[in-house]
Every structure is written in C-alpha cells, then in structure tokens.
Engineer: 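The structure that follows is given in the form of structure tokens.
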Amino acid sequence: MNSRRPDDAPILQIEDLSVSFSTATGQVKAAENVCFKLYKGETLALVGETGCGKSVVASSIMQLLPNNAHIQGRAIYAGRDLLSLSEKEMSRIRGSEIAIVFQNPSLALNPIMRVSEQIAEMLQVRKGYPAAQSLELAGEMLHRLGLQGDDKMRMYPFQFSGGMNQRVMIAASMILSPRIIIADEPSKGLDGALAAEVMAEMARIKNQVGASLLLITHDLNLARNISDRMAVMYCGEIMEIGESEEIFSLPRHPYTAALLRCLPERGFQPIPGPSPSMIKPPAGCKFHPRCPNISEVCRRKPKMTRVEGRGTAPAGSESEIREVKCWRY
Amino acid sequence: MLAILKAVDVGRVYESGLIFKKRYAALEGISLEMEAGKTVGLMGPSGSGKTTLGKILAGLERPTSGRIFFAGKEIGSMSGRETAIFRRAVQMVFQDPEGSLNPRKSIGQSISEVLSMLKIPGRRWQEMTGEMLEKVGLSDELLCRYPGQISGGQCQRVALGRVLLLQPQAIILDEPTSALDISVQAQILNLLKDLQRDLGLAYLLISHQPEVIRFMAHDTIILVQSRTS
Amino acid sequence: MRHNLRNLAFVLFLSILILGTACQGGEESSKVVLKIGTPNVVKSASILGDSNMGVWTHLSNPTLMKMTEDGKIAGLTAKSSEVSEDGKVWKFVINDDLYWSDGQKLTPDDVQFTFSYLRDNLPSAGWMKSTIENISVEDNAVVFRLSKPYSRLNLEFATYPIQSRHIWEKVDKPMEHTNEGEIVGFGPFYITKTDLDAAVIYLEKNPYWKGQAPKFDALEIHTFSNMDVLSLALEKGEVDAYYKYAGTYPYASIQKLKDTDNFDFVETDNIGLIFLGMNLQKEPMSDKEFRKALSYAINYSEILKLDGLGYGQVPNAGFVPPSMMDFKETEKLEYNLTQAKSILEAAGYKDSNGNGILEDKSGKDMKLAFLTRNDYMRTTELVSEYMKALGIDSEIKTVDSSTWIKQKDAGEYDITVTRSTPWGMLMHANWGTGYFDSRRTGEGVLHVLDDPVFLKLCDDILSSTSDDQLKDYAYQLQDYYAENLPAIALYWNKVETPYNKAWKGWYSDPLYGIFNVDNFLSVEKEQ
Amino acid sequence: MSLTAKRASRYIIALVIIFTLNFVIPRAMPGDPLTNLLGEDVILTDSSVIELRSEMGLDRPLFEQYLDYWHGILHLDLGYSFHRHSPVAEIIFARMKWTLLLAVPSLLTGGILGTILGALAGWRSANSCQKASTAFFLAIYCTPPYFLCLLALYLFSFKLDIFPLKGFYDTGSAADIALHLFLPVLVMTLFSLSRNYMIMRGSVLQEKSSLYAAFARAKGLYDAEILFRHVFKNALLPIITLLAMDFGFILSGALFVEIVFSMNGMGNLIYDALLSRDYPVLQGSFLIITLMVVSANLLADILYSRLDPRVRWH
Amino acid sequence: MIPDATLCASPEIMPEAAECPDENKRQCCKREYSRTERISMSLCSAREVLRMQKMSLVGLLLFLSFVLMAVFSEELAPFDPWMRFEPYLLPGSEHLLGTNDMGNDILSELIYSTRISLFVGFAAALMATLIGTIVGLLAGYYKGMTDEILMGITDIFLMIPQIPLIIVIASFLRPSFWIVALLMGALWWTSTARVVRSRTLQVREMGFVQASRALGFSDLHIIFTDVLPNTCHVIAPKFLLSIASAMIAEASISFLGLGDPTMKSWGTMINFAFTRGGFINGYWWWYLTPGLCITLFVLCVVLMGFAWEEQERTNQRLE
C-alpha cells in the first residue's frame, strides 16, 4: 500500500460530473454531481453496488461513452478539461497518459492477435518504436507481471486463463507508463485469490511507474486492501469519501454502514427495501427510503459535508479527508 | 437419520476426439451425504468439478464411476416412477439468476408452466403461486413482468420459488449468490436459511467464498483441482 | 493500414494488366465481308454431328439438289436427275466444273462416297439403309437403286451436303469428328474457321470455284445466345442480315428495324406453320366431331393478330399452306362459336350439371391436358381461352422441349401447340404427312394418325412418279385434312428476314431461306 | 490433427454423396438424351435409335452405368458428349478457362473492393457518403442479375457503343479480349462487390461494438488504426467462408452473364446441356464445379485457420 | 451472382471453432455486463437503431403497400389483367402503362403479379425457414452425432451447385410456382440451419434451459418454449432475406423460360417483355416496371431484414 502525499495538487479533478442517457422509458441518471480528486501516486477506490454508476464515471473520464450520453461537468487533467477534448486529442491522452483496464479481459483483447503484439502495438503506434524493440519491451512487461517465457509471447488470448489475460491487459495499459490507470472491475470473473494476486501485481507496477490508480469495484474487501482512499457510490452519487481503513472501521453514512453489514464477516445482514430506480430516483437523499434513521429533512437533497476523521492527513490540508452526503453531518 | 441423497465414490471422466481420445477426469472418488435440514458446503477452485458434481447429484448428468443413492435406493436401478420421484425431489438452482429465467416468458408464465407440468388443476394455480411468492418474499405484481425488468435478487427468488413448487427434499445450490451484490447476497442467503428451517430441506451449497460456506453449511467438502490424464 | 495498401496494390496490378493489354490495335482490312447474325448457336464444330453446323455447310458443301424459289426441286451439285418408271432407280448427273477448296476436282465418286458413308454412319440417315440398296457411279452420274419406290429422293437429297471422299474416308466416327479449322468444301465459299469462343464461323471464297463469282470476299456467321442482343447487333450494324433455320425474325422486333430505315426484309410465305396438334389416339380428340367443333371455336384472326402480329393469313381446313406445291383451296377455317357449340351438342357433349364445363362421355367434367412449350405460350393461352368459351377446360403444362418430346411420344397429352418446319412439311410423303403418320418417329413429329386411308395415301404418294398423279394425291390429302382435321392450322405465317439495305440482291428458297448458294452468289454490297 | 481428419472425412463423404446425386438427378429427369441430339425435323428409324442408345451406354443397367461413372471419375475421364461430339473433359476445360477469366477478376476485385468499402461503410456508418454507397450497393444487391446485365448491355454496348455486344473476342488479341470482357466482368464485379460490401459492412458493424475494439480505442488507437489493425481482420473471418461458397455460385452463376453476352462459358454450357439432356456434360460440369467448391472450401478452412489461431489450437 | 448466397451470407456463418468448445472457454467467452453497462450500451446503439428503424420503417411501409397490392389486386387494378385491348399500346390516359403483346393492361398485370411473386417469395422462405429451423434446433440441441449428421447434410446442400440444380429440377418437374417455391425452400434452408444451430448451441447452455431441464421439462417442451422463442430473432431476419432471394431467383428462372408462364408474376412479365419485343422496342414501362417492383420489394424486405439483424446485434450486446 502506498501512502499518499496529500500536499500534492490533484492529478485528476472531477467536478460536478453528471451523466445521463435517454432511453425509451425515460432519462437514466447514471451519475449525478460526482466530485472527487485523484492525487499523484494514490489509489482511489470507487465502490458501489451494481448499477450505481461507477463504471460510467470511468468511461466518461476516458471519453469512451457513446456519443449519445449527456455529460456535464469537468474532468481536469493537466490543466485541461478532458471532457472537452476532441476525439483526436483524446486518443493521444488515452493509453499514454491515462490508461484503462477493462473487466472481461478475455473479451477485451483481440482474439486473433498475439498478446505480445497487442502490447507492443502501443509502442509502435504511439512511440514509433521498431517492431523488434517494442516486442522486447512488451516481453519485459509481461515478465514483470509474472508471464515469462517466449511461448507466452507467442500465445493468443484464448490460450490464456482469465487471470493471465487480465495481466496482459494490465501490461498493455502500463507499457506507455501512463500517469493514471483506471481499473474498471478488474477482479470481476476472477476467483478471490486470483483477483487479489492480480491486483497486488497491478499495485506493484503502478508504484514502479509512479502512476495513480482509480479502482472501480463492487468488492469492498478488495478496495479495502488496495486503496488509500475510498468513495462509496449509491444510485449515481458519491455518498461518502474518505480513507479506506477509516470508512471500514467507522462508516459515517448510513448506506456505507448498511453495506458493510452485508459483508460475510459482519453477518450477512441485508439492507431492507429494494434498490432505487435510476430513472426516477427518490427525491432528496437517495438512500432515505431504505435508511434506518430517516428524518423529515432527508426528503431534501443533502450536501457533501466535511467531517473530521481520525485520518493520518494533517488537518486543514486541501484534500477531502472525509466527506459525507448526509443530513446528519 | 437416513440421508436423502448419498454419493459413494463418484467420478466423472470426459472424452473428446473421434479417433485420438483425450480423457479428462472432471471428478474423482467423491463421497458425500445430504440430510434433511442440513447444508453441505462444497468448495474448490474453478475447474475442480463442483458444478459437475452438483449436476450428477441432481440427476442431470451420469457419473462414470461410483453410485448415487436416493432415499437408500441406487438411482441407476430405479424404476421409471421412482426416477420421476427422484428427479422431482432433488432440484438444482443455478448461478446466473437472470439467465435462469427465460427472457421471453413473463414471470407468471415461467411459474405456471411448472404448475402445468405438475398437472395441477388450473383453479389451484393462483393459490399455489401466491403461497410460493410469499415463501420467497415476492409480491404478485411481479407476475406480469419479464426477467429483464426485475433485479437479479428477484430473479433468484423466482428461480428458487419455481423449484419449491416441486416440493423438493434436497436442493443443489450452485453458486446461488456469486453473481449478486453483497447486499442482495445477504438477503438470499438469509432466505435460504429460513426456507431450510421451515421446510426441512437438504442443501448442497456450492460456493467459492469461504464466508458463505461458513455462514450456511453444517459440513464442508473441499475439492482440489482434478488432473488431466 | 498494411493490408489496405497490399490490397490496393493488387487491384492496381490487375487493372494495369487489363488496360495494358487493351492498347494494341486491330488490323484494318478492305475486304468486303457479309456478316450474318443468327440465334442458331453451334455447339460443336462437328459438321455431321451438330445440326446447326450442318446448316452452315450448305454453302461450302452444296447439296445434290436444291429447292427453287417456287418450291420445285432442281439440280445444284447434280446437273440433272431422272427417275425410272417404277420409281426405284434414280440417276443424278454431276456437274463437272466443281472443285474442292484444296484444288481437287469433285467427282461422282465423292457423291457416291457421301451417301454410302452417311447411310452407314449417320443415325439420322437411317432411312437410307432400308431404302437404298445400291449406289454406283456411272460415268459422270451417280445411280441409286432403291428397294422400294421412293419418288421423293431428289427432295431428300436437297438436304444432305456432299462431303469429300479424300477427307472423310479417314474418319471412322463422323459424328464425333470435329474440326474448328479449315473445312474443305466445293461451294463458292468454304469454312476457314469455326471459332466457338468468339461465336463466329468464318467463310472465305473458294479459290477453285469456277461458277458465277461471288460479289463479296468473305462471309461471317455470328451466333447469339440471346435474341435481344442479336436484334441490337443488327440495329447497330454489327451484323448485316439475320438468319434462322426454319424461322423468322421475331415479328415484334420488326417495326424497330424498319424505323431505323436501314433495313429491308425478304418476305416469304412459310411452308411451315403453327398448328394445334391433337392426340388422336385418345378421347375426346379421337372424335372427329369434337375436333370440328374445336376448329370453329378458335378465333384465328385474333391469334394471327396477337401471335403473328399480322404477318400471315388465316389458314384453311386443308392445313397445307398455299406456298406448297399442289396447294388446294379448301374451306377457310372459321371462328363461329355458335356453330362450334351446336356441333358439340349434336355429338353428345353436354354440360348437364351447369357449371359451364362440358362433361365427357363418362359424365365427368372434361379437362384436357394441354402440353406446350414456352415458345408457344401466348398461342396456348389464347387457345385455352377459346376452349374455355366453348366449355372445355384444359390444364396447361409448360415443359421444355426435351420433356415435350418425351411426353408427346408417350401420348401424355390431349392437345398441344407446335409448329412445322419447311423440311418437316416436305419430308415423308410431303404436305405435312411426316408429322402425322403413326409409323414414323422424330423430334417434332406427332405420329398420331393410323387411319388406313391416310396411310395408304402416304404410300401412294411415296411411290408415285407422275406429277399429275402426285397432284391428285395431294388434293386428296388436303381434302382428307379438311375433312378429318387431324391437326388444326392456327395461322399460315410469313418468314421475315431482315437485311441491311447496304446489301442487295437477296434471294430466299422455301427450304433453307436465305442460306442457299444462289443467294450468296447474288448478294452484293452497294457501293 | 483429428480436427483436420474429421473435416477431410466430412468433405469426402459430402463429395461421394454429391457425386452420386450428380449421377442420379440427370437420369431422373424426363426426356431422353437422344432427343434434341439431331435437330428438330429429323426422323429416326427405330434401329438407329437402339444403335445410338447402345453407343451412348444408355441401354445398360443403371448400376453398371453408376460403376462406370465412378470408374470414370477415378480415372479423370468424364465421359463423352454425344451432343458436342467431344470428350467432356476437353469441352469443360475449353469453357472453364473463359469462365475463370470472367469470374476470377470479378471475384477478386469484388472481394477486395467489397471488403474494404464495406468495412469503411460499417465503420463510419453515419457518414452520408457511406450512406449513399450503401444505398447504391443495396440496390444492386436487390436486382436480379440478368436484369442488370441486360440494362448494362443496352446502355454501354448499344446506346453508348463503348463495348462490343457479344462473345469473348473478335480478333483474339489481348486488347480485344479485354474489351469484350470488360462489361461482363464489370457486372459480375458489381454483384460480387455488393454482396461482399453488405456482408462486410454487417460484420464490421458487429465487431465495432465488441469489447476489444473499445479496448483498442482505450489504448489510444485512432479511428482507421482500430479498423485496420483490429476490427478488419476479425470481421473478415466470416467472409472467407462465404467467398469460398461464392466460388461455386459464380462459376455456375455466370450463366446469366454468359447468356446475355453470348459467351460460351461454363454457364451457357450447363444451360445447353440441361436443355438437351446432355448427361455427360451436365455430370462433368457439376462434378468439376463441386470439386472446385469443395477445394475452395478446403482452402478457406486452411486460410481461416491461418487467420484465426483459435481454430488451429482446438 | 446467385441471390441466395448473398443473403444467406450473414456473418453468423462461422466454423465451430469460433464457438467455445469446453466449459472453461465458454465461460471466458460469455459476456457479462453490469446493469448500467447494459443500459449504456443499449443507449450507445440507440441512435444507430433509430436510424436503422427509420430505414426499416420505409421498408415496412413499402412492404405493406406491396402486400396490400397483392390482397386488393381486384380493387386496385383498373382492368382485368386477362382482358384484351389493342396490343402494344403506348402508355396513355386509358392505359397508364400501355398494353402488352396480348393487349393486356400492363398496370393491371403488374398489380395482379404481386400476388404470385409474393406468394413464391413467402412460400419459399417459409419452407426454407421451417426446414432450417428444425434442423438447426435439433442439431444444436442434441449436439453429438445428431449434430454431426445434420451438419454434414447441410454441408452437402451448401456445396451442391444450387441454381443449376434448381433449373434441373424445375425443368424436371413441370414448372409451377409451387414447385419453384418448394424447391428453393428445400435448397436454401442451410444458412438458416447454421444460424439457428449456433444460436441454439448458445441458448442450450443458458441458465434457463438448464433450469428447465433440472425442473424436469421434456426436451420437446424445452425446444419449443425455451429455445425456439430465443432463436426467433435470428430466424426472423433470415426469413425476410429468404423472401428476397426467392423472389430474385423466381425472376431469374422465369427469365430462363423455366418458370410457370401460365401465371402472372413479375418474372413472367419480364420474360414476355423480353421474348415479345418489349425490350428491343424500348417499351421500358413493360419490362422495367416489374423489374423495379422486384428490386423495390426485395429492397424493402432486405431493409427490414437488415434492420432486424441490426437490432439483433444490439440485443446481443445486451445479453
């Protein structure tokens, strides 16, 4: 685990990001007023249940959303708003500045291209390296991720297991030493142990290249193990953000608390009530229909509020140390 | 107490290739017993034959070696009627909750086709469906919806409810919650526990999550990676 | 990108290949060439095996006799012919100024060889085996001794091209002998090349031809597998004239050519005709009254107008068209539905259940099997409609010609529309008898008539050698047709052969149309 | 190994069955090969009919003929055509070269241009230029082939007088042949192109939405780079099998082009043979076409496995 | 050149190897998306679908008007198409498209011909779809030997030179529209069979089929209520495309003179226009209009088929 340096200016700053899609049944609000900062070298986990909009956030940063998505807000990277870049400009940022690791690695790799070529391709296209050299570098990268040997270089994705493909994806994302890596549910489809192993390697390399990691996952334990900070999303909104350990030990938002109670080690206590609709979310605090300590005020929209935590960061530093979107604070 | 379902030294070998046969042992020498009101947990890495074992126990696949007993009788030597009773008494619930319902059938249709298969007179359908929905904690407004329109948790409840209509004695649960969010997982696991308590069901719970097994199972079997020969 | 470029390069390479070869020019020539376009496609360069190829050799290998414009038989390779009193000995005196294109002289020996060769080897000349006993050369003549009287040998001999002994005696399987190169001939032109790929047959002047000199240098026969394209080629001037064996230029396309003002037409009365064939062996067609009624039910002038586009005339009951020798004016066929109905009524065909369809003698609704080929579809439609008006239902079965022949031979039909060709009309005992005599078989032949009166008439004609007697038989025959209606002529049509006005001097005989020696000696290009 | 063996055995079984069908079908047809052999108004005597039948081997038991047929195939002897008075193999090879000259350039240009244009159209489906070309090729795709042939002939050869009306050549020079072949090849190319265009477009549209294409974009590849580095080859895979199947269609399907342009190729040969019940030629040409289709399929299989490592591996 | 392959030619034709053969691989191939992703993906193609639907709407309207034309021929046609006027009349106020060689009103003929032409298309497509679906379902559902044999047969049918065979058999049996339709159906089921098979292979491994099997439903019940409804969406576009190819083939066969000239269809109209001087005299209203009708009808069917396939592709992304 990497200790963050909160004094640094954020490398990526998401401001008021809202994404919605229009469908036949209505406007789906996939993300609403999402704000967070990603600092250099840190790992920020964006956690939440299926359908809470965490992947949409990642895709909109990369401008990988379909062009019919309505995106508002800003994603400031190196002084530029990524959301306003043209496709051509964006393609220069993708991969070399900001890389993304998809879920479903076995589908995300080109099935009829050798894995080594898929990694080396980046060097050839973006850096203009000759084929031999780039293949060599790709091999090195694979080696670092525990896939050594010439035979591995000549393999195709279908010959690899999901875990191995995930490593290939990670290698392809990291080959150009990007400054930010976004990992979108990288553990999905992998066994618990394997997921941990892959993530550990990912974290290691991330540290080696000095990149920041935005980890998007529904796996709370994974997030806890890897991330420095954690943002909990519910129904398109960030409910709580703070240091991972702290959130685990002292969840402030009722949703975070309820979610944690569902964990096996905490006794599988289910959250009452059904998940909210993304098209017509509850007014006010979106969690209020399921919240155990609901009050009248919850029908209005709460604001993100800074609360004092027991965090390691010096008080008053610029980072959001612990913010909760709940009227109780 | 007599085991509802008993497996003795069960193995399963797959063969592939027309001329040059490749043999692949998915399962070797497994024995277990399932008793009413008890849960057997089954763990193991992927590819260790957990699902295969589940299918063999549910009578969906035949073992290549070993024997399976249902209520003390070996299933291979059963008469047609007995087999039918066995097939009905031992049911299986699958991993993918949304996939286990036909997307082109409404929930109501999916339920009523089971009732019609059981040759239950139409007048009792409504009553039975109602009872069943109550058992699994669903409201009847769901009946006219399609699987795509309900959540994964609800799907899994419907799948479970359909199985319950057959009044089984034992249910093989193949990773029933692994595709679900943790909040839903908690709901389903609790529901399963309640049902076991109320109906005295025997479970074989297949899962890769030790916490789930720990939470549910009375006995645990751990499979190791099987070998290719 | 790499694939893209490679693909692009490949395309470029191909197009360069095609274009590069396209830059060489063709040679100019001042030869006057007559180009004939035809739909009679040659399938193989076998002059004895391929029937169309056989037609083209009529110019290079003229027949022994020819048919003149007025249908008489005259000598061509033979100077003259005579037949013995009993009709069993024929003598043909051969011209002695004919030379093969390789310089050798044509001798009676060649003629003798040709016919004994054909008799022994050619399946379609099988009749010779049973008819010709002996062929001998006497001075400059060839003598045929027959086993039975056959008065029409000279006509038969207007259809067999003479082949050279010195070429063919080395060939044992004449049907299988193909030759795409030069074919030695003794006519004014001989075939120099048969190019099946270009679909052209080339003929050049025979350097040893001693007769009247042709007025142009070479002849090309262009074959087209699509009639429309042939018409376009005419209009465009790619070919100068049209020829189809036993056929006319499509009437519907004539006006278009006339409009161009570049074309004239050789118009001749066809010896062949379109007729309604009937299965005389089966009810109800075996009933003369029924046939008679049918003949009144047909609107001849409408068929002539719609199918023949007016190029012809309403036929007589006597079947034989006026262009044939010894034509007798029988009663004109008439469209009279009331009369048709009353004849039927009188013959006992009634519609007792009132559904508009007559019942046959057993009381069932009558439904005739109307066998037809695509070419005669419109006529079939019309006839079927006329029959319907008479209360006779029919089921139209359209088949291809192979199937037609098969089903016709098996008698699996009641009624059919077909045509007769000039040669078909002339063959056997002339005047169309070959189509009806039940003792014969052949592709277009109906062979349904076994009436002894008719058969005797045929035999009499075959053994008659006197012109007057022949005329008498011909009249009897036409009366027989008119009385018994073994077939109903639908219309007597005209053969229209378009030619470019730049060429003149066209001449056509009833048998082979413009494809005869005299025509190609007379045709010349206007300067 | 076992996969190849399996495929090969499948092909062999298919060949045997097709060859047998090939023997049976013409014989099951009504009409006699003797009909149409001699001309419309020729009279045959019964004895010469019998003679001809025995010469053509038609009088022997069917099974014997069948054995003979196989014997012939195995000795590369396709029999003798009594209608064309030559050995069938000779006729077919004479015709085949022309049909190939017609078909191969059409297939190649159609295949190459079709896939490239189709890929672009699928990739940039929103573009109005692509829309127009899609509409154009769709229209061609929906037109009966002979109709297009005749219209092309009427317009280019007759009205505009650019190309000759018929045949493979007049003088026989390469330029002349190229001139004659241009229009037929163009029409056939258009057909082949439009089909490949449509298929490739669909294929690319499908592949476009695949995750690996999205990942390629995420990796920073730009537009055409994604198309030609990743999507194109994947989208091409299904086309290869189709091209192989096309091959047989083109060979026999040149029929319309050949009839309209009066070209003596395989299509016309088959059509004629059919109308005249020329069994040996029918059999021979079906046989050759089947062989070519099967070998094209085999070739496609091989090519496929070269392009798709997944096939090789399993 | 041959229309069928054009249409049978959809990308679904892939060798088996593309499908994952063993359990593990299949899992790797299975696409799993979270709900939001499904939504966002469905949206991403929403615009595309909308555009496609606009085209398919045009197709549908055209299609319906052709169907209406076939149903209400009597009412729509100005004359009885068998009624004879002067032959070869040029288009005029009385006869909008003139008259043909028989003096039939061409417009009426055109309208009446819709019936037979559509009938042939539908009958052939129905037949092809029926056979193809059954073969595909059985092969895909039972796998193993059944699959081997059925796909072997499919291969054979694929490799037979089809158009010549149709011509052979069409001339063998006497040409009637029924025969032509049935023949084309009997020959062109292969592509449908392949598509249905590969889809069935997918569906049979889906949870609900397994669940149905576990619940004890019979194979027949599963095939017809679980598998078939979930393959319908790949069958339907195939059906439409088969209609299109059957119509083109019918026209082609008629052109060769092997159709049924006693019935009025667009193909026979063109055939007569060509054999009776319509083409050579430049009576375009006689040969071009039925040609256009064929092209237009095939076009609208193909448009609908494509739109359907497109939507299918979108849906597949969601599944």
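To find a chain, count down the sequence lines: A is the first, B the second, and so on, and within it residues start at 1.
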Engineer: To check you understand the geometry: which heavy-atom pair defines the closest contact between C/Thr178 and D/Arg84, and what is its length?
Structural biologist: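 Looking at all heavy atoms of both residues, the closest pair is CG2-O, 4.3 Å.
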Engineer: At what distance, to the nearest 0.5 angstrom, does CG of C/Asp228 lie from CG of D/Leu153?
Structural biologist: 9.5 Å
Engineer: So what's closer than 4.5 Å to chain D heavy atoms on C/His222: side chain, backbone, both or neither?
Structural biologist: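 Contact with chain D involves both backbone and side-chain atoms of C/His222.
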Engineer: Would you sort out whether D/Phe158 and C/Val229 count as a side-chain contact (heavy atoms from CB on, under 4.5 Å), showing the intermediate values?
Structural biologist: CA-CA 9 Å; D/Phe158 182 68; C/Val229 179; over 6 Å; no
Engineer: For chain D, which of C/Leu196, C/Asp195, C/Leu230, C/Val200 has the most heavy-atom pairs under 4.5 Å?
Structural biologist: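 Greatest number of close heavy-atom pairs with chain D: C/Asp195.
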Engineer: Are more than 12 heavy atoms from other residues, nucleotides or ligands located less than 6.0 Å from atom NZ of D/Lys159?
Structural biologist: no
Engineer: Over all heavy atoms of both residues, which pair between D/Pro164 and C/Glu238 is shortest? Give the atoms and the distance, please.
Structural biologist: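 The pair with the smallest heavy-atom distance is CA-OE2, 4.3 Å.
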Engineer: Go through it in stages, so that I can follow the logic: the residues are D/Ser157 and C/Leu232, the test is side-chain contact (heavy atoms from CB on, under 4.5 Å), and I'd like the CA-CA distance, side-chain angles, deciding distance and then a yes or no.
Structural biologist: CA-CA 9 Å; D/Ser157 295; C/Leu232 291 178; over 6 Å; no
Engineer: What distance separates C/Asp197 CG from D/Trp98 CH2, expressed to the nearest 0.5 Å?
Structural biologist: 5.0 Å
Engineer: Say you draw a straight line from CG of C/Asn226 to CD1 of D/Ile259; how long is it, rounded to the nearest 0.5 Å?
Structural biologist: 8.0 Å
Engineer: Between NZ of C/Lys43 and CG of D/Asp272, what distance do you get to the nearest 0.5 Å?
Structural biologist: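 These two atoms lie 5.0 Å from each other.
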Engineer: Rounded to the nearest 0.5 Å, how far does NE2 of D/His85 lie from OG of C/Ser46?
Structural biologist: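 If I round to the nearest 0.5 Å, the distance is 4.0 Å.
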